[in-house]
Structures are given as structure tokens and as C-alpha cells.
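Numbering of residues begins at 1 and proceeds along the displayed sequence. All values derive from a computational prediction rather than experimental measurement.
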Amino acid sequence: MLKANAGLLRVLEKTILHDEILLQEKHKEAIKNTPIVQFLWDKPYNHCFLYTVYGSEIYLTYLRYSIMSLRLVAPRCKIMVFVEAKLWEKAKEELKGLLFEHDIVRVNGEAACYKQVITCHTLIKDYKSCTFVDADLFFLGKVDSLKSSLLEVKRLLGNNPFSFVWAFGRKETPNVSHTFMHKRGREDTLRPHTYTWDIEEELDMDIETLIEKEKVWNISFIFSFCPKALQTDAFKSWALYSLLDNNMCDESIWWLWSKKQKWNSYYWGLDLPNLSISTTTYESDKQVHLFQPMFTDTMQTKTHRRYETFMAILEIEEKYIEWAENASIQWYEAPAKIQMDPTNLED
């Protein structure tokens, strides 16, 4: 019996959804031409949301809607997008109006766009905290509804910079070994047959015992960290190793580092009372809901949530254009001189 290639199926489903979105879009040009940028304050911020885009340009469509949804729930937030060089011009055109052009950063090479590599980028070194967001994660809620949850994330990292704030922790049976050895973390690397042994040598730790003991695997489609805590010679060496070995799985990189260094783990989906996360439904009774619908991924099934994704995206488009064109929006006006308070977590 023929067995479907899960990786190719994933690409096919995302491509079909991408094409459906483009056919149904009502406000694409209006969104691009709505002058949101002129109301944004390009000032120093304590926190920055980070996106990375590489490989296929279909992710630019998802990214556009993810940023629109983020702008709705956090209108004043700072956003930067790191884009593989071959997609950079296209990205500037697709994201026009949603963020400053200089915040769409050109990156040479696909592997240089991996999250664990961007973590070491000099452009983010002065932020107190940063949050990576996957291009296919959508924020659903009322205008400015992310404020209290984001403030709590900043406080968690401010109190303990040697921590990570993951999306959520997923319990694995019987342990995390099968997840750790999955395709993105092993098969695509240069030496998949010696994958674990090579990492053991690089990190000087017993990986095989660890993955057979641990039962919780952390998910990072939204992931917060303190740049200064990670931009060290030791982590840069670890990130460079993952780049050269073509390890696409940022979760395994963060997870191993946290175990090696004994860092704390917090969770957007657990430690923030006003926020919920789901991969199966776009409905929630919380102030803000994080919806990552592309796949509910287990070892047995890969279920694509195309209908739920489509409904959520259409809702984002309608709400965004209504908000962006509303003359009663109360934009924040920058003072004549910028005075940054290092203790202020609001920005």
C-alpha cells in the first residue's frame, strides 16, 4: 500500500489554503495603501515581536494576516521581519503599510533565517525581551487586548532573564525521544545517523538518557526570551553549530539549551490567565486567543484545520480594515524628546 508523504502533504494543504485566501481577499490593496505606518512611533522599545520567513513565498500571505491580527491586539507593538534574500523584495511589497520598511530585514541564506540564528542578530541585542511568532499563528481578540498578557511576559523575563516563555508544553508518551528524533530535527541534518552523538559531543551532556527520561516537549510557535541572556559566546557557538548542521528544529535547540543551562520554562498558554492557545478552534472566552491551526500534529495523524483557518483569516481581514480606516482611532503621539525609562515595561 502506498503511504502518503506527510511533508509533501503539509506543503500541498498549505498551498491550497494560500490560493483560497488570495481568491477571497477583499481588501488586499486597501490594506497595503492604508497609511498605518505614519501613525506608528519609531522609537526605542523594550520588546520586539520577531518573524522569520524563508523557503516558500506562500508564507508571506500567512505572515501578512498574522501581522494584521497582531496589530489589532497590540497596536503599538514593535515588529521586525527577517526575510531570506530571495523573498525580500516580495516581502516589502506584501507587508507595505503594516510595518516600517527598515524593519523588513534582508538575510543572506535560508539557514541564516532560523530562529536560533536570528537570536544572535545585532539588531535585537538592545531589547529587554523579544518574542518569535510563527507566520501561521493568528491573534484573535479586541483592539489592545494583548496588553496585560504581554506585560506579564515582560515581567517574567525581567525577573529572570535566564528563562524561556514557550507556547505550551506537550506531554509525550512514553517520552520525548520520538519527537526529538523527528524529521526537522534529525533527517535533514548533515549526519542524521550520528545526530544524537554529535550533539552530545557539542554540548557535553548525556542526550540519550535525557530524552528517554523527559516526558514534556515544549512548543515554540510563539516563544519569548531575553536577547542579552542568549547573545553569549557559548550560545552563539551552539547556534552556529545548528546552522552548519542544518538543524531546522528551533524547539530542539531551545529545549537542549534550557536543560543544559538549567533555565526556567514558562508558558503563554498556562501562565497568562487572560490568554488562550489552540490548534483546533478559533473560538475562546479569553481576552485574546492565539490560534495556530495549520496542523494538529501527533505521531499518528496530521489533521489540517483548513476550514477553521479560513474562517479566522477572513475575520481578521474584516476587523483589520475596519480598525485601520476608523477615524476615531486614538493614536499615541510621540513627545518632542524621547525619554526612555529602563524600568518601564509598557513599551
Side-chain angles (χ1 to χ4, degrees), residues 3 5-11 52 54-55 110-111 113-120 132 134 136-137 162-225 230 234-270 277 279 292 294-303:
K3 185 178 180 181
N5 183 306
L8 293 178
L9 179 61
R10 184 186 182 100
V11 173
T52 65
Y54 54 89
E110 178 175 314
C113 291
Y114 295 168
K115 293 177 189 175
Q116 62 268 28
V117 180
I118 296 299
T119 301
C120 304
F132 279 113
D134 279 9
D136 50 9
L137 175 66
F162 304 106
S163 304
F164 291 142
V165 188
W166 306 79
F168 58 89
R170 184 176 68 192
K171 189 170 183 179
E172 304 287 342
T173 304
N175 52 52
V176 304
S177 58
H178 61 282
T179 303
F180 181 81
M181 298 295 282
H182 67 38
K183 186 176 189 299
R184 293 180 70 239
R186 179 178 66 87
E187 291 181 19
D188 288 342
T189 57
L190 296 183
R191 296 171 299 278
H193 56 293
T194 60
Y195 176 65
T196 304
W197 301 334
D198 293 340
I199 293 178
E200 286 188 331
E201 184 176 351
E202 179 68 21
L203 286 181
D204 190 24
M205 61 187 294
D206 184 352
I207 304 297
E208 291 194 354
T209 300
L210 176 67
I211 62 178
E212 291 175 358
K213 178 184 70 174
E214 295 288 335
K215 297 183 181 298
V216 176
W217 184 256
N218 292 328
I219 307 300
S220 66
F221 53 67
I222 186 167
F223 176 83
S224 301
F225 65 99
L230 279 181
F235 183 81
K236 287 178 180 178
S237 175
W238 175 225
L240 180 61
Y241 171 83
S242 73
L243 182 154
L244 297 176
D245 197 43
N246 197 37
N247 189 335
M248 298 175 64
C249 182
D250 59 286
E251 289 164 344
S252 65
I253 302 301
W254 311 127
W255 189 79
L256 287 173
W257 186 257
S258 68
K259 297 300 180 183
K260 169 72 174 178
Q261 303 297 330
K262 296 180 172 56
W263 283 21
N264 286 351
S265 288
Y266 303 106
Y267 301 94
W268 281 78
L270 181 65
I277 288 179
T279 61
Q292 208 279 4
M294 292 307 175
F295 277 87
T296 299
D297 193 341
T298 68
M299 295 306 293
Q300 291 77 32
T301 63
K302 293 183 185 295
T303 307

> What is the distance from atom CD1 of Ile219 to atom CD1 of Ile277, rounded to the nearest 0.5 Å?
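Ile219 atom CD1 to Ile277 atom CD1 measures 10.5 Å (nearest 0.5 Å).
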
> List the residues meeting side chain to side chain contact (heavy atoms under 4.5 Å, CB included) with Glu208, not counting sequence neighbours, and say none if there are none.
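For Glu208 the side chain to side chain contact (heavy atoms under 4.5 Å, CB included) partners, ignoring immediate neighbours, are Thr196, Trp197, Glu200, Asp206.
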
> Write out all pairs satisfying salt bridge (Lys or Arg N to Asp or Glu O under 4.0 Å) with one or both partners inside residues 237-262, taking only residues at least two apart or from two chains.
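Only Lys115-Asp250, Arg191-Asp245, Glu214-Lys259 qualify under salt bridge (Lys or Arg N to Asp or Glu O under 4.0 Å).
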
> Heavy-atom distance under 4.5 Å between the side chains of Val216 and Val176, does that happen here?
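Side chain of Val216 against side chain of Val176, heavy atoms only: no contact under 4.5 Å found.
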
> Using only heavy-atom distances, determine whether the side chains of Tyr195 and Asn247 contain a donor-acceptor pair under 3.5 Å.
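Note: Tyr195 and Asn247 side chains meet the donor-acceptor criterion.
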
> Of all residues at least two apart in sequence or in a different chain, which pass the side chain to side chain contact (heavy atoms under 4.5 Å, CB included) check with Ser224?
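Ser224 satisfies side chain to side chain contact (heavy atoms under 4.5 Å, CB included) with Thr131, Val153, Leu157, Val165, Trp268 only.
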
> Provide the closest heavy-atom pair for Cys113 versus Ile118 in the form atom of the first, atom of the second, distance.
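Closest approach of Cys113 to Ile118, heavy atoms only: O-CG1, 3.7 Å.
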
> Side chain to side chain contact (heavy atoms under 4.5 Å, CB included) with Leu240: which residues, sequence neighbours excluded?
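Testing Leu240 for side chain to side chain contact (heavy atoms under 4.5 Å, CB included), a comparison that skips the adjacent residues, returns Leu244.
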
> For the residue pair Phe235 and Gln116, what are the closest heavy atoms and their distance?
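Closest heavy-atom pair between Phe235 and Gln116: CE2-O, 3.6 Å.
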
> Could you walk me through whether Thr179 and Glu172 satisfy the side chain to side chain donor-acceptor pair (under 3.5 Å) test, starting with their C-alpha distance in whole Å, then the side-chain angles of each, then the deciding distance to 0.1 Å, before giving a yes or no?
CA-CA 8 Å; Thr179 303; Glu172 304 287 342; 3.3 Å; yes

> Just do the side-chain contact (heavy atoms from CB on, under 4.5 Å) check on Leu230 and Trp263 with the steps written out, would you?
CA-CA 11 Å; Leu230 279 181; Trp263 283 21; 3.5 Å; yes

> May I ask you to test the Phe221-Thr279 pair for a side-chain heavy-atom distance under 4.5 Å?
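Yes; the side chains approach each other to less than 4.5 Å.
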
> Taking atom NZ of Lys213 as the centre, report whether more than 12 heavy atoms of other residues, nucleotides or ligands fall under 6.0 Å from it.
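Atom NZ in Lys213 is not crowded, with 12 or fewer foreign heavy atoms closer than 6.0 Å.
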
> What distance do Leu243 atom CG and Lys236 atom NZ have between them, rounded to the nearest 0.5 Å?
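Those atoms lie 14.0 Å apart.
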
> For Asn218 and Tyr267, run side chain to side chain donor-acceptor pair (under 3.5 Å): C-alpha distance rounded to whole Å, both residues' side-chain angles, the deciding distance at 0.1 Å, then the answer.
CA-CA 9 Å; Asn218 292 328; Tyr267 301 94; 2.7 Å; yes

> Would you compute the distance between atom CG of Leu270 and atom OG of Ser265 and round it to the nearest 0.5 angstrom?
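Separation between the atoms: 11.5 Å.
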
> Is there a side-chain contact between Phe180 and Leu256 (heavy atoms, below 4.5 Å)?
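Contact flag for Phe180/Leu256 side chains = yes.
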
> Under 6.0 Å from the CD atom of Glu201, do we count more than 12 heavy atoms belonging to anything else shown?
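At most 12 heavy atoms, drawn from other residues, nucleotides or ligands, come within 6.0 Å of this atom.
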
> Looking at OH of Tyr114 and OG of Ser242, how far apart are the two atoms once the value is rounded to the nearest 0.5 Å?
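That separation rounds to 8.5 Å.
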
> Can you confirm whether or not the ring centre of Phe225 sits under 6.0 Å from the ring centre of Phe162?
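No - the distance between ring centres of Phe225 and Phe162 does not fall below the 6.0 Å cut-off.
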
> Classify the ring geometry between Trp255 and Trp217 as parallel (under 30°), tilted (30 to 60°) or perpendicular (over 60°).
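Tilted, since the angle between the ring planes falls between 30° and 60°.
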
> Which value, rounded to the nearest 0.5 Å, describes the distance between Asn175 atom CG and Ile211 atom CD1?
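Going from CG on Asn175 over to CD1 on Ile211, the span is 7.5 Å.
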
> What pairs with Phe223 under ring pair (Phe, Tyr, Trp, His ring centres under 6.0 Å), at least two apart in sequence or on another chain?
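With sequence neighbours excluded, Phe223 shows a ring pair (Phe, Tyr, Trp, His ring centres under 6.0 Å) to Phe164, Trp166, Trp254, given in chain and number order.
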
> So, using ring pair (Phe, Tyr, Trp, His ring centres under 6.0 Å) as the criterion, who are the partners of Tyr266 when residues are at least two apart?
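By the ring pair (Phe, Tyr, Trp, His ring centres under 6.0 Å) rule, Tyr266 matches no residue at all.
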
> When you measure from the side chain of Lys215 to the backbone N and O of Pro174, does any donor-acceptor pair fall under 3.5 Å?
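Yes: the side chain of Lys215 pairs with the backbone of Pro174.
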
> So which heavy atom on Arg186 is nearest to which on Pro192, and how close?
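The pair with the smallest heavy-atom distance is O-CB, 3.4 Å.
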
> Taking atom SG of Cys249 and atom CG of Asp188, what is their separation to the nearest 0.5 Å?
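Answer for the SG-CG pair, Cys249 versus Asp188, is 10.5 Å.
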
